[in-house]
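Written out below as structure tokens is the structure these notes cover.
Sequential numbering from 1 along the given sequence is applied to the chain's residues. The model shown is predicted, which means the values in this text are computed figures rather than measured ones.
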Amino acid sequence: MNDVASKVATLMEAMPYLKKYAGKVIVIKYGGNAMINEELKAAVLQDVVMLKLLGLKPVLSHGGGPGINKMLEQLNIPVQFINGLRYTSADIIHVVEAVLIGQVNSELVGRINAIGGEAVGDHLVDRVDIGEVNAAPVQALLDAGYIPVVAPVGTDGKGQSFNINGDTAAGKLASALGAEKLMLLTDIEGLCNDIKLRDVISYLNIADVPKLKEQGTIAGGMIPKVDCCVQAIEEGVTNVHIIDGRKPHSILYEAFTDEGIGTTVGKDAPSVGIKWK
């Protein structure tokens with residue numbers, strides 16, 4: 001197939017997805033290696049702008065773990081992780097705010113605008129309890145035609161700031177916005193039975209999550225990822241995916257091709273690819 005024919009075939013394959021997702025909110029959790037590799041970073045931001053140009057409403061909900069860890073190390077502030085989540089002390093939250101809002105968020109907004117998008121930075125507000133977010137400011141940005149770039153930092157309205165796990169924040173944001181799709185970019189191919197074998201579970205029914213936790217398939221940093229997927233599905237998000245953020249343009253592959261990539265999480269079909277122990 002020559003180059004032109006290949007491009008036409010790609011457009012034809014994407015057509016039903018363009019129709020399906022036109023005007024729909026797509027929340028993308030951006031983090032991991034894709035944030036520190038310049039080539040991958042450029043590809044992610046190009047994908048986000050492309051989604052907007054194609055008539056979708058993308059929201060980029062980012063993390064910043066590598067930058068936070070680097071800053072904490074430089075300041076000799078000890079870090080403790082519990083079930084894959086960083087424990088945030090009073091000292092740490094100041095670093096989190098400085099990195100996520102002052103550095104990462106502003107950089108992403110600037111880079112999106114530089115390649116033709118119209119992005120505005122924001123952070124989660126009015127965190128009433130664990131994971132509850134007020135999505136009204138983000139919705140207002142979408143309604144005004146902007147690409148919201150959201151940092152997972154919340155406030156209680158009384159001057160107290162909170163660090164919210166990036167995956168949890170993205171899931172709650174997707175639920176609150178009534179998103180059609182939630183994509184979590186990660187540093188592996190998807191949820192694997194064995195991280196060494198890279199054998200991906202292509203479809204995960206949320207009913208199987210407790211057993212997979214018991215046998216250790218879902219562990220460490222994958223716990224908050226899967227938990228946020230389960231909660232998003234239970235709260236009405238239609239499509240949830242854990243995809244490999246190390247693959248250039250993985251967002252477009254997942255959104256507009258028949259094959260898809262990574263792990264799809266849902267409740268309407270049996271799991272595919274699980275190896276029970």
Side-chain angles (χ1 to χ4, degrees), residues 26-35 61-66 68-69 79-88 129-133 152 162-176 179 181-247 250-251 253-254 259-277:
I26 309 292
V27 176
I28 301 154
K29 163 51 188 358
Y30 173 48
N33 191 54
M35 296 194 76
S61 179
H62 67 82
I68 293 170
N69 291 339
V79 180
Q80 180 183 7
F81 284 87
I82 302 174
N83 291 328
L85 300 175
R86 181 191 295 105
Y87 172 73
T88 306
D129 51 35
I130 299 298
E132 292 299 324
V133 301
F162 300 91
N163 177 30
I164 306 172
N165 173 265
D167 297 318
T168 302
K172 293 302 296 184
L173 189 58
S175 300
K181 188 183 282 286
L182 168 65
M183 299 184 192
L184 304 180
L185 274 62
T186 187
D187 286 343
I188 58 173
E189 290 80 357
L191 175 62
C192 299
N193 289 287
D194 188 329
I195 191 65
K196 295 179 181 178
L197 299 177
R198 306 297 209 203
D199 51 349
V200 176
I201 298 169
S202 58
Y203 186 88
L204 173 62
N205 188 299
I206 61 175
D208 291 324
V209 168
K211 292 181 181 178
L212 289 176
K213 286 183 177 180
E214 287 178 11
Q215 71 176 29
T217 301
I218 300 174
M222 193 57 74
I223 293 174
K225 287 189 189 303
V226 173
D227 284 348
C228 97
C229 292
V230 171
Q231 190 167 47
I233 289 293
E234 291 177 339
E235 294 179 354
V237 178
T238 308
N239 299 281
V240 179
H241 311 273
I242 300 173
I243 63 177
D244 190 351
R246 302 168 304 171
K247 181 177 181 179
S250 58
I251 295 170
Y253 275 106
E254 180 53 56
E259 59 182 275
I261 55 175
T263 300
T264 295
V265 182
K267 60 179 180 179
D268 298 327
S271 295
V272 178
I274 293 178
K275 296 179 180 177
W276 296 107
K277 299 177 181 178

Side-chain (N205) to main-chain (A269) donor-acceptor, under 3.5 angstrom: yes
Would you check if M222 and I242 make a side-chain contact, meaning some heavy-atom pair closer than 4.5 Å? yes
Could you check whether any side-chain heavy atom of I188 comes within less than 4.5 Å of a side-chain heavy atom of V200, counting everything from C-beta outward? no
To check you understand the geometry: which heavy-atom pair defines the closest contact between A170 and K29, and what is its length? CB-CB, 3.7 Å
Less than 4.5 Å apart, side chain to side chain, heavy atoms only: is that true for K181 and T238? no
Rounded to the nearest 0.5 Å, the CG atom of N165 sits from the SG atom of C228 at a distance of 7.5 Å
Starting at CD of Q215, measure out to CG of D208 and round the result to the nearest 0.5 Å. 9.5 Å
Just how far is it from atom CG of L185 to atom CD1 of I251, taken to the nearest 0.5 Å? 5.0 Å
Look only at the side chain of D227 and the backbone of T168, and say whether a donor-acceptor pair between them is shorter than 3.5 Å. no
Give the minimum heavy-atom separation between V240 and V237, together with the two atoms involved. CG2-CG1, 3.9 Å
Non-hydrogen atoms of G171 and A232 that approach each other most closely: O-CB, 4.3 Å
Pick out which of D167, V265, T263 makes a side chain to side chain contact (heavy atoms under 4.5 Å, CB included) with L184. D167
Output the distance between atom CD1 (I218) and atom CD1 (I223), rounded to the nearest 0.5 Å. 8.0 Å
Give the C-alpha distance, both sets of side-chain angles, the deciding distance and a yes or no for salt bridge (charged side-chain N to carboxylate O under 4.0 Å, His left out) between K277 and D194. CA-CA 11 Å; K277 299 177 181 178; D194 188 329; over 6 Å; no
Closest heavy-atom pair, M35 versus G63, reported as atoms and distance to 0.1 Å, is CE-O, 3.4 Å
Minimal non-hydrogen separation, G273 against N193, with atom names: O-ND2, 2.7 Å
Using side-chain heavy atoms (C-beta onward) and a distance below 4.5 Å, is T217 in contact with I274? no
Starting from the C-alpha separation in whole Å, work towards a yes-or-no answer on salt bridge (charged side-chain N to carboxylate O under 4.0 Å, His left out) for K247 and E189. CA-CA 9 Å; K247 181 177 181 179; E189 290 80 357; over 6 Å; no
Counting only heavy atoms not in Y253, do more than 12 sit closer than 6.0 Å to its OH atom? no
Closest non-hydrogen contact found for Y203 with D268 is OH-N, 3.3 Å
Just verifying a value: how many Å separate H241 NE2 and S250 OG, rounded to the nearest 0.5 Å? 12.0 Å
The reported gap from CG in L182 to CG in N239 (rounded to nearest 0.5 angstrom) is 10.0 Å
